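The structure under discussion appears below in the form of structure tokens.
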Number of protein chains: 2
Amino acid sequence: MSITTEKPVIGILGGAGHEGSGLALRWAKAGYEVLLGSRSAERAAEAAAKLNAHAGGATILGMTNDAAAARAGIVVMTVPFSAQVSTAESVKALLEGKIFVDVTVPLVPPKVARVQLPASGSAVEALQQMLGGKVKVVSAFQNISAHLLADADKPIDCDVLVCGDDKDARDVVIGLAAAAGMRAFHGGPLANSAAAEALTSVLISLNQQYKVNVAGIRITGVPYLAVSDSVAR
Amino acid sequence: MSITTEKPVIGILGGAGHEGSGLALRWAKAGYEVLLGSRSAERAAEAAAKLNAHAGGATILGMTNDAAAARAGIVVMTVPFSAQVSTAESVKALLEGKIFVDVTVPLVPPKVARVQLPASGSAVEALQQMLGGKVKVVSAFQNISAHLLADADKPIDCDVLVCGDDKDARDVVIGLAAAAGMRAFHGGPLANSAAAEALTSVLISLNQQYKVNVAGIRITGVPYLAVSDSVAR
């Protein structure tokens, strides 16, 4: 599959993990150039090689988080909660003027099935404050099971809430979700990410109680307005 | 429809509002004895009379919140956030040994489409602390649009997250939801109510942005285990 020049290059920090790898594979198959970042360039290269074997000719490049953040037009972060602030801080200067998609869920082990939001509200709001107004922080994909992402040819039976204070940036992320096989909706301002963040613990709780691993949500009663991924330029 | 003696009597505090009235109507039609409470006995009687005209022979009784809490086996509270603590406090002694279903959403006007959870986490946790261990507090129905409830013969295209620290009490509420035409799921401990509480603001935001009034969620990837309302004895 050829890479069109209109599509932004997507960098995924923490991309060697399950969630990041699933997103990387789906975007690569949709024709995006994907840079898979990790703290270790070696680990990133290994993960990228594995994914490329499934990517149907598309090429995912493995590199350090720094290199991915520097070269990408849109930066996505899929790291554990404990690494959220430090990872974003380490690439802060490289994010200026870019959309930064945070997928972090504030899970506090060992009770990950119990909602434990920061006292300040959503975790991502603190991140936006730290990064400042020159970075357009958008929160998304917290409720998508990595199991669902992994089967890259299947549409996903879970919708995405996209929260952020910049509506155009949210539109871009809605387009990226569509490219990866998901319906996404404008969830409102960044503060509303608290709902998606809290919901992940509820979905983990559902998985445990009902003995499944793909609990998710669908939005009902709202017309889905498909946004072409062409807005993601 | 005759009232079977096996079903608990349901008292609804703040039942003259849209959410409480919709639940009252649905439970009355399902054969429950429903006591509709309000601060004003007169207002309760008026609301009950209106509902009885639609209830197909069932009888909803209007009375004060105190009287409803005293006579009911299960007490449901559907009041605005600003009245949550004071209403529950006023009937505290009448709730001992009972299931108390809190439907309150911590909406902070004027920005009701913005998630503004209390710093302590979910609003209902503070309520359980105030009421003490002898009251089984369960959180449910926060995400159900009053518009959906009002059309009492239609099944509802939105699922219910039921959170609470007592699993048997959650089962009873799942049965009550089924009786009212809704699928409900065990959402986990009371702390997880934060997700449902936050989600309501997101649903209001979706309603505003997409110009609808019935935004909701469906749980996906989880088998729905219908619980008979016979457990609600």
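Letters A, B, ... are given to chains in the order of the sequence lines, protein chains preceding strands, and every chain is numbered from 1. Predicted, not measured: the structure shown is a model, and the values here were computed from it.
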Measure the [atom1]-[atom2] distance between [X] and [Y] for me, rounded to the nearest 0.5 Å.
{"X": "Leu199(A)", "Y": "Ile217(B)", "atom1": "CG", "atom2": "CD1", "result": "6.0 Å"}
{"X": "Cys158(B)", "Y": "Arg218(A)", "atom1": "SG", "atom2": "CZ", "result": "15.0 Å"}
{"X": "Tyr210(B)", "Y": "Ile219(A)", "atom1": "OH", "atom2": "CD1", "result": "9.0 Å"}

Part of [X] lying under 4.5 Å from any heavy atom of chain B:
{"X": "Pro189(A)", "result": "side chain"}
{"X": "Ala119(A)", "result": "both"}
{"X": "Leu117(A)", "result": "side chain"}

Chain A contacts, top residue of [options] (heavy-atom pairs, under 4.5 Å):
{"options": "Thr220(B), Val222(B), Ile204(B), Asn213(B)", "result": "Thr220(B)"}
{"options": "Thr200(B), Val202(B), Leu148(B), Val212(B)", "result": "Val202(B)"}
{"options": "Ala191(B), Gly216(B), Gly188(B)", "result": "Gly216(B)"}

Original post:
Do Asn192(A) and Ser205(B) touch side chain to side chain, with heavy atoms closer than 4.5 Å?
Top reply: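 Yes, their side chains come closer than 4.5 Å.
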**OP:** Give the minimum heavy-atom separation between Ala194(A) and Ala198(B), together with the two atoms involved.
**Re:**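 Looks like C-CB, 4.4 Å.
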Original post:
Considering all heavy atoms of both residues, which atom of Leu206(B) and which atom of His186(A) are nearest to each other, and what is their separation?
Top reply: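 Closest approach of Leu206(B) to His186(A): CD2-O, 3.3 Å.
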Original post:
Do other residues, nucleotides or ligands put more than 12 heavy atoms under 6.0 Å from Lys50(A) NZ?
Top reply: no
**OP:** Let me know if Ala215(B) has heavy atoms under 4.5 Å from chain A in its side chain, its backbone, both or neither.
**Re:**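 Contact with chain A is through both the backbone and side chain of Ala215(B).
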